[in-house]
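Just so it is clear, the structure is predicted and the values come from calculations on it, not from any experiment. To find a chain, count down the sequence lines: A is the first, B the second, and so on, and within it residues start at 1.
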2 protein chains.
Amino acid sequence: MASDHTRSAILAAAERLYADRGFGDVTLRDIVAEAGVNLAAVNYHFGSKDELIAELFVTRSVQTNRERLRELKAAEEQGGGRAPIEVILRALVGPTLRGCLGPETQRSTAARFMIRASIESVPPIRRIKNREIDHLRKFAAAMRRALPERSDVDIYWGLNFALAMAHHTIRESERLTKLSEGKCDLDDVEDVVARVVSVATMALTAGRTETKARALARDAR
Amino acid sequence: MASDHTRSAILAAAERLYADRGFGDVTLRDIVAEAGVNLAAVNYHFGSKDELIAELFVTRSVQTNRERLRELKAAEEQGGGRAPIEVILRALVGPTLRGCLGPETQRSTAARFMIRASIESVPPIRRIKNREIDHLRKFAAAMRRALPERSDVDIYWGLNFALAMAHHTIRESERLTKLSEGKCDLDDVEDVVARVVSVATMALTAGRTETKARALARDAR
DNA sequence: GATAGTTTCATACAACTGTTTGAATTGCAA
DNA sequence: TTGCAATTCAAACAGTTGTATGAAACTATC
């Protein structure tokens, strides 16, 4: 492996084109033209088109997952193995939201690519997403430690709803802006994170069982 | 227009095939083979493949929207023009969830088709979804009437989160079942509706501003 | 039962797709 | 420099796709 020039040129061109125009109407010929390399180079370096897409997605995906786990681990270490549920949820949805939202003009190619991947969902990407369950289980475990009185079912539903709000907001950010006539500021990422975390926390703590977090909130009044 | 036989055979076959195998790998030739009609019939009756898909999606989409508005109108009439927020949210997410979840074996073709449409999102369907904003505005208006002290921003965020939870749960129902090792029962549709409505209600009523719903809940203790 | 309009049909079209091939080129080590 | 492997390249391949065509079959009306 000499200089990797061709290989990385393809990766960069593909990510940019997919981000801009979607997976549906970007062909290998578009990519190699943008990268200034030969058509056969894609199959030579990646094996197939799907493996190219998979490599793009895996790269960005592990970056996000690493960031998530880093935040989670830091929070749990600081709390002696048990982090507050809000912090766990923030570690779960924060990196994704920060990576995909924010002012459109300064949005990275990687961010726009991940938004596409979230909207279009082509087979090679779907296959990878299915392997993410182990990763989510780590968060489920941390949430169970934070809310020991909650049932597993409630934990999983809370996790599901937290991811739902984050991903849907990313995927439909344009529509929400239009619907609200610009009143909802999707560029204020930290506000979005706070809203998602707040609602997810309520979903997990309110209800029949009185949890520590709820008791704490009540006592604080 | 004589008997519509060919036309409806195409629609039925297309919906079934798309539901089973997704938009990605179902060709017009697959559809006409399944329908037992000639290849040219699709272009003759629908103009193009995209228009066929659009007609399929519009049909099911207006059914859901009609159902939503029926529930909303009934609730508002009963409440003298103002329905409780829970009932509005139930009218928003109930029809969609009831239409797409439930025991897989007895899930209708239409339901499975709509799940596909929610996962894959092809261009003709995306175009139609973009026109749904007017429909959502009616719900935003009803929610504003129910929670007059809430800011528009909060209303839109609540609406966004309610749709997020419903759609994400539909789209990722398989993954949630696997993640929770079957503990989350996606077949108990009314339980899912109740969970989504409950969380969305909390999102809309809890927080800085003390709303009527919250005051009511507190006084009830 | 002839006619006009609609619908069906087999077939061809034209374009595009990801992939393969085998030769040419390059870069590096002996 | 020679030799060898890695890389690049132009070209072609094989298959699929949605769509168009023009003739044939059908249907209803007069």
Please check if the distance between the ring centroids of B:Phe113 and B:Phe23 is under 6.0 Å.
-> yes

Separation of atom CG in A:Leu28 from atom C1' in C:dT19, rounded to whole Å = 9 Å

May I have the distance from A:Phe46 (atom CZ) to C:dG18 (atom P), rounded to whole angstrom?
-> 15 Å

Here the distance between atom P of D:dG18 and atom CZ of B:Arg29, to the nearest Å, is 7 Å

Looking at C:dA10, does its base get a donor-acceptor pair with the side chain of B:Asn38 below 3.5 Å?
-> yes

Verdict with supporting geometry, B:Asp20 and B:Arg116, salt bridge (Lys or Arg N to Asp or Glu O under 4.0 Å) = CA-CA 8 Å; B:Asp20 286 345; B:Arg116 279 285 176 196; over 6 Å; no

For B:Lys49 and for B:Ala40, find the nucleotide of DNA chain D with the closest heavy atom, then tell me which residue's nucleotide is more 5'.
-> B:Lys49

Find the distance A:Leu39:CG to D:dT7:C1' and express it as a whole number of Å.
-> 15 Å

B:Ala41 and B:Thr6: which non-hydrogen atoms are nearest, and at how many Å?
-> CB-CG2, 3.9 Å

Separation of C:dT7 P from B:Asn43 CG (nearest whole Å) = 15 Å

How far apart are the closest heavy atoms of B:Ile115 and B:Cys100, and which atoms are they?
-> CD1-O, 3.3 Å

Using atom CD1 of B:Ile10 as one end and atom P of C:dC9 as the other, report the distance to the nearest whole Å.
-> 10 Å

Just checking, any donor-acceptor pair under 3.5 angstrom between side chains of B:Asp152 and A:Ser180?
-> no

A:Tyr44 side chain: which of D:dG18, D:dT8, D:dA12 is closest?
-> D:dT8

Taking atom P of C:dT7 as reference, at what distance in whole Å does atom CG of B:Asp4 sit?
-> 9 Å

Would you tell me if any nitrogen or oxygen in the side chain of A:Thr6 comes within less than 4.0 Å of OP1 or OP2 on D:dT8?
-> yes

The side chain of A:His45 lies closest to which of these nucleotides: D:dC9, D:dT8, D:dT19?
-> D:dT8

Return the value, rounded to whole Å, for the distance between atom CD1 of B:Ile31 and atom C1' of D:dG18.
-> 11 Å

side-chain N/O B:His5 vs C:dT7 OP1/OP2, d < 4.0 Å | no

Measure from the side-chain heavy atoms of A:Thr27 and tell me the nearest of C:dT17, C:dT6, D:dT8.
-> C:dT17

